[in-house]
Structures are given as C-alpha cells and as structure tokens.
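Below: the structure, in structure tokens.
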Amino acid sequence: MNYAEAKSKLSAIGQEHVLKYWDELSEEQRKALLTQVEETDFSVLSRIESAADDKRGEFSPLAAMQRDEIVSREKELHDAGVKAIKEGRTAALLLAGGMGTRLGSDNPKGMFDIGLTKPVYIFERIITNLLDVVKETDTWIRLFIMTSEKNHDATVKFLKEKNFFGYKEDRIVFFKQDMAPACDYNGKLYMEAKDRISTSPNGNAGWYSSLVRAGLDKIFAEEGIEWIDVFAVDNVLQRICDPCFVGATVLADVSVGAKVVRKAAPDEKVGVICLEDGRPSIVEYYELSDEMMNAKDANGEPAYNFGVILNYLFRIKELASVTDDKMPLHVVKKKIPYIDENAAYIKPTEPNGYKFEQLVLDMIHQLSSCLPYEVIREHEFAPIKNPTGIDSVESARELCKKNNIEL
Ligand code: UTP
C-alpha cells in the first residue's frame with residue numbers, strides 16, 4: 001500500500017489524522033505505518049452502535065455428560081481418547097494472546113511465578129499437565145501457542161530459556177493473533193506513537209482466523225489432525241487433551257466438547273452452557289432470568305447448572321463455517337495508551353475508549369452440536385485473573401495445594 005492508497009482508505013472512514021505526522025517519519029516508520037493501515041480491519045469501527053443491539057434468541061437447557069456417567073463409562077471413553085491421541089488426530093492450542101491486565105504484570109501472564117518455595121510458572125503448570133498425557137500415550141501432541149504482537153517476543157524468549165519446560169520444541173508452533181484498532185468514545189482511532197495506531201489483541205476467538213492467516217491450517221491436513229483442544233493460559237489445574245474428555249467428544253460425534261463445572265450457586269457468575277434457538281450457546285450470568293435460574297431438569301436438578309471453563313475440543317473441519325462477521329463483536333471500555341495532540345504519550349488511569357473483541361465462547365453458537373463434559377471444579381479449575389481474592393494467585397495456590405502440587 002502506498003501513501004495515496006492509505007490516505008484514501010482512511011479518509012473513507014474519517015480517520016485521516018492517522019497520517020498527521022507523515023512528514024516527520026523516517027522511511028522505515030512510514031513503511032510500518034502503511035503496513036498497519038493495510039492490514040488493519042477497520043470495519044469494527046462501524047459496528048460500535050449496532051454491537052449493543054445484538055439480540056439473544058430463545059434459551060433452553062442442554063444436558064451435560066455428568067461425573068456418574070463418565071465414571072461408569074471410564075474405560076470406553078479413555079480407550080477412545082487414547083486411540084485418537086495416538087493416531088495424531090488431536091492437537092492442543094494455548095490461548096496466550098491476552099493482555100492479563102487484571103493481574104497487573106507487564107510480562108505475559110504465563111511467565112507469572114506462583115511458586116512459594118521455588119519458582120512455579122503458569123506456563124510450567126500448563127505444560128506439565130499436558131506432558132502427563134504425552135507420557136501416558138507416548139505421543140508428542142502438536143501444541144500451538146497463540147501470542148499477540150504485544151507479548152510474542154517475551155513469550156518465545158522465556159519458553160526457550162526454560163527449555164519449553166520439557167516439551168519437545170519441534171512439536172510447538174507459535175503464531176501471533178490479529179490485532180484490532182482501539183478508538184475514543186467518538187470512534188476516532190487512537191495513535192500510540194506517531195507511526196502507530198493503538199491496537200489490542202482482537203479477542204480469543206481470533207485464534208482460528210489468525211491461525212489460518214498464518215497458513216498453519218496446512219499442518220492439520222499434513223498431520224491428520226481432526227480435533228483441537230483450545231484452552232486458556234490462566235487455569236493452572238486444567239487437564240489438556242485428557243483421554244476421557246477426548247474420547248467422550250469423539251464418541252459423541254459432536255462439533256465441539258466443552259469442559260464444564262457444576263455451578264456453586266444458582267447465581268454464580270459464570271457463563272452457562274445451554275441451547276439458544278436450538279444451537280449450543282453460552283448464556284452469561286447476567287442474562288439468566290429468575291425463571292431459568294430456578295428451572296429443573298427431569299431429575300429435579302437445576303436445568304442451567306454447568307458453567308464453562310474455557311477448555312473446548314473443536315472438530316476442525318467444522319470451523320471453516322465460523323467466520324468473524326457472524327460472531328458478535330464485544331465493544332469494551334478500556335484504558336488505552338495514546339499520544340495526545342502534542343504527541344506526548346499518555347497512559348490513562350481510567351477507561352478512555354473502546355477495544356474490540358470476539359470471544360471463543362461465541363464460536364460455540366456457530367456450531368451445530370456440543371457435548372458439555374463435567375469436570376470436578378476442585379481438580380480442574382483454578383483460574384488466575386487477579387492478584388488476590390476470587391480467581392486469583394491466592395485461590396489458585398490453595399487449589400494447587402489441595403491437589404498435592406508442590407509450590
Ligand atoms: P481473559 O478474558 O482473562 O483476558 O482471557 P486477559 O487479556 O488474559 O486478561 P485481562 O482481562 O486483561 O485481565 C482468557 C484467555 O484468552 C486469552 C488469554 O490469554 C487467556 O488465556 N486471550 C484473551 C487471547 O489469547 N487473546 C485475546 O485477545 C484475549
């Protein structure tokens with residue numbers, strides 16, 4: 001893209017100020033800015049108003065595979081999972097592109113050390129959990145790691161230094177997720193430097209389109225990978241590609257398996273798996289009506305009783321139909337660093353504009369079928385979002401101790 005093309009693209013959307021400092025930029029900076037203008041999808045800016053109108057459909061319950069069934073069918077599920085893993089049909093994908101702002105560390109979240117008597121990094125916990133399955137099945141599961149432009153170099157450097165915590169380097173593939181532009185409350189793009197539009201990672205649903213754009217979907221075909229376990233960086237207890245979960249999803253012949261935990265209370269703040277207009281979906285806790293909260297299933301149990309934990313086993317061939325424009329856009333008020341009219345760099349302490357994200361949970365609604373698979377909360381759900389309190393380093397440490405993990 002040249003200057004004239006960039007100017008025309010930007011003026012069509014009222015954002016010419018992006019080129020305000022053009023005359024002051026070096027050749028290299030000009031090139032970088034033109035590339036950013038060319039590659040950035042600005043269509044999100046025109047969806048700000050309509051994003052709030054995304055209407056939900058009709059909700060109904062979706063039965064989960066519960067612990068009693070999993071225990072009674074353990075051998076069958078386990079054998080089917082081990083077979084799928086040994087045949088190389090299952091991969092794993094770590095979502096590590098987030099900013100981890102709530103945790104408040106400048107480093108990638110996975111570099112956070114939760115150890116007490118020795119260093120125990122979040123990445124280490126996750127890789128150790130995956131290595132359990134590698135050892136059990138004697139199979140090096142292909143591991144994709146999604147970073148973002150903001151944390152890629154630091155993530156790769158750290159994992160290299162730590163020798164990938166024992167994972168086989170040539171079974172790991174990194175890729176960067178796409179970025180979305182950030183703007184003020186009037187939809188005007190922020191600049192984070194004279195030669196750079198402010199951006200942030202485009203949400204964890206960005207994993208599939210970013211992976212395809214990076215040309216990595218060819219690995220699926222080359223290696224015969226049919227299923228991919230997509231999981232968050234911050235749950236230090238989760239099992240990844242564990243054979244029973246894999247087996248249950250494969251045998252159920254669904255588009256996606258979703259790990260869920262039984263809700264601790266009817267009004268617990270978790271997204272609940274259900275059907276929406278007959279397709280799998282996740283209803284947020286604030287969207288649950290009293291009627292839904294009190295609804296019972298045929299066994300007299302709460303009908304909307306299972307919360308998602310961001311660990312999904314997707315059937316890859318169905319993902320081609322999940323396109324970004326079909327998914328809701330989440331317009332989120334955030335603190336966005338920018339340069340002011342005097343080109344001074346400002347790091348706001350309060351939200352000052354919008355970031356745009358698409359969420360992996362919205363991918364579920366694009367698929368035709370889903371198996372919610374119950375895991376035991378105390379054994380598999382220790383998310384780290386905050387330094388203290390709920391879903392924190394403290395609560396995760398407690399849960400690790402209960403599971404005899406040395407910290
Ligand atoms: P969170 O929703 O907890 O977001 O991400 P976050 O960015 O890590 O943390 P906060 O909200 O700024 O405190 C859940 C998972 O999705 C990944 C995160 O890395 C985490 O594993 N994620 C999130 C991405 O990979 N990309 C994104 O754009 C957003």
Side-chain angles (χ1 to χ4, degrees), residues 40-41 44 92-112 121-123 125-127 129-130 143-152 154-156 158-159 173-182 198-211 213-214 228-238 240 258-259 269-271 282 284-285 307-312 314 324 327-337 348 351 354-364 381-393 395-396:
T40 304
D41 175 7
V44 287
L93 190 146
L94 164 60
L95 299 168
M99 304 283 275
T101 38
R102 281 170 286 174
L103 190 58
S105 161
D106 285 338
N107 283 330
K109 207 186 233 186
M111 284 173 62
F112 197 86
Y121 301 98
I122 292 181
F123 279 137
R125 285 278 341 116
I126 281 173
I127 292 178
N129 289 351
L130 183 57
L143 171 62
F144 294 86
I145 301 183
M146 182 170 83
T147 60
S148 87
E149 177 186 291
K150 308 265 177 197
N151 67 15
H152 181 81
T155 302
V156 174
F158 176 77
L159 286 172
V173 197
F174 290 93
F175 67 101
K176 289 187 209 172
Q177 81 174 97
D178 297 328
M179 304 296 281
S198 301
T199 57
S200 65
N202 65 350
N204 50 25
W207 75 265
Y208 184 65
S209 52
S210 305
L211 180 144
R213 221 187 308 279
I228 189 157
D229 191 346
V230 175
F231 61 98
V233 71
D234 45 34
N235 176 6
V236 290
L237 280 186
Q238 70 193 311
I240 303 145
K259 287 203 178 183
K269 291 187 171 144
V270 289
I282 285 134
E284 289 295 348
Y285 67 91
V308 285
I309 62 167
L310 221 181
N311 189 317
Y312 301 102
F314 288 98
D324 295 354
M327 281 189 285
L329 181 70
H330 298 260
V331 180
V332 212
K333 289 186 178 168
K334 289 264 170 141
K335 298 175 213 162
I336 303 157
Y354 298 126
K355 284 185 176 177
F356 303 92
E357 291 186 339
Q358 288 188 310
L359 303 181
V360 77
L361 58 83
D362 290 319
M363 294 175 79
I364 306 304
F381 192 42
I384 298 180
K385 302 286 182 193
N386 308 295
T388 56
I390 294 172
D391 295 345
S392 67
V393 179
S395 59

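Both ligands and their constituent atoms are indexed starting at 1 by order of listing.
- Listed by number with element, the atoms of ligand 1 under 4.0 angstrom from any heavy atom of Met146 are 25 (O).
- Relative orientation of the Phe314 and Trp207 rings is tilted, given thresholds of 30° and 60° on the angle between their planes.
- Per-residue contacts place Asp234 under 4.0 angstrom from the following atoms of ligand 1 (heavy atoms of the residue considered): 3 (O).
- Contact annotation: for Val360 versus ligand 1, there are no heavy atoms closer than 4.0 Å.
- Listed by atom number, the atoms of ligand 1 under 4.0 Å from Gly97 heavy atoms are 19 (O), 24 (C), 25 (O), 26 (N).
- With ligand atoms numbered from 1 in the order given, ligand 1 contributes 9 (O), 10 (P), 12 (O), 13 (O) to contacts under 4.0 Å with heavy atoms of Thr101.
- Asn202 and Gln177 form a side-chain donor-acceptor contact under 3.5 Å, judged by distance and modelled atom types alone.
- What sits closest to atom 24 (C) of ligand 1 on the protein, heavy atoms only, is Gly98 N, 3.2 Å.
- The ligand atoms of ligand 1 that sit less than 4.0 angstrom from a heavy atom of Lys385 are 1 (P), 3 (O), 14 (C).
- Contact between Ala382 and Asn235 at its shortest, heavy atoms only, is N-OD1, 2.8 Å.
- Polar contact with ligand 1: present for Gly100 (N/O pair, distance under 3.5 Å).
- Looking only at side-chain heavy atoms (C-beta outward), Ile122 and Ile384 come within less than 4.5 Å of each other.
- For the pair Leu103 and ligand 1, the shortest N or O to N or O distance does not fall below 3.5 Å.
- Atom 4 (O) of ligand 1 has as its closest protein heavy atom Arg102 NH2, 4.2 Å.
- The environment of Lys335 atom NZ is sparse: at most 12 non-hydrogen atoms of other residues, nucleotides or ligands sit within 6.0 angstrom.
- Of the possible polar contacts, none joining the Asn151 side chain to the Thr155 backbone as a donor-acceptor pair under 3.5 Å is found.
- Among protein heavy atoms, atom 20 (C) of ligand 1 sits closest to Leu95 O, 3.7 Å.
- The ring pair (Phe, Tyr, Trp, His ring centres under 6.0 Å) search around Phe112 returns none, not counting sequence neighbours.
- In Ala232, the parts holding a heavy atom less than 4.0 Å from any atom of ligand 1 are both the side chain and the backbone.
- Of the candidates Ala180, Gly203, Ser210, Gly203 brings a heavy atom nearest to atom 28 (O) of ligand 1.
- The shortest contact between atom 7 (O) of ligand 1 and any protein heavy atom is with Met99 N, 2.8 Å.
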Hey, mind stepping through Leu359 and Asn204 against side-chain contact (heavy atoms from CB on, under 4.5 Å) and telling me if it holds?
-> CA-CA 5 Å; Leu359 303 181; Asn204 50 25; 3.9 Å; yes
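- For atom 16 (O) of ligand 1, the closest non-hydrogen atom of the protein is Asn204 ND2, 3.1 Å.
- Ile240 is not listed as a side-chain neighbour of Leu143, based on a closest heavy-atom distance of 4.5 Å or more.
- Not a single heavy atom of Gly206 sits less than 4.0 Å from an atom of ligand 1.
- Residue contacts with ligand 1 for Gln177 involve side-chain atoms from C-beta outward but no N, CA, C or O (heavy atoms, distance under 4.0 Å).
- Contact atoms of ligand 1 toward Leu310: 14 (C), 15 (C) (distance under 4.0 Å to a heavy atom of the residue).
- When the ring pair (Phe, Tyr, Trp, His ring centres under 6.0 Å) test is applied to Phe144, the partners found at least two apart in sequence or on another chain are Phe220.
- A 4.5 Å side-chain heavy-atom check between Leu159 and Ile127 finds at least one atom pair inside the cut-off.
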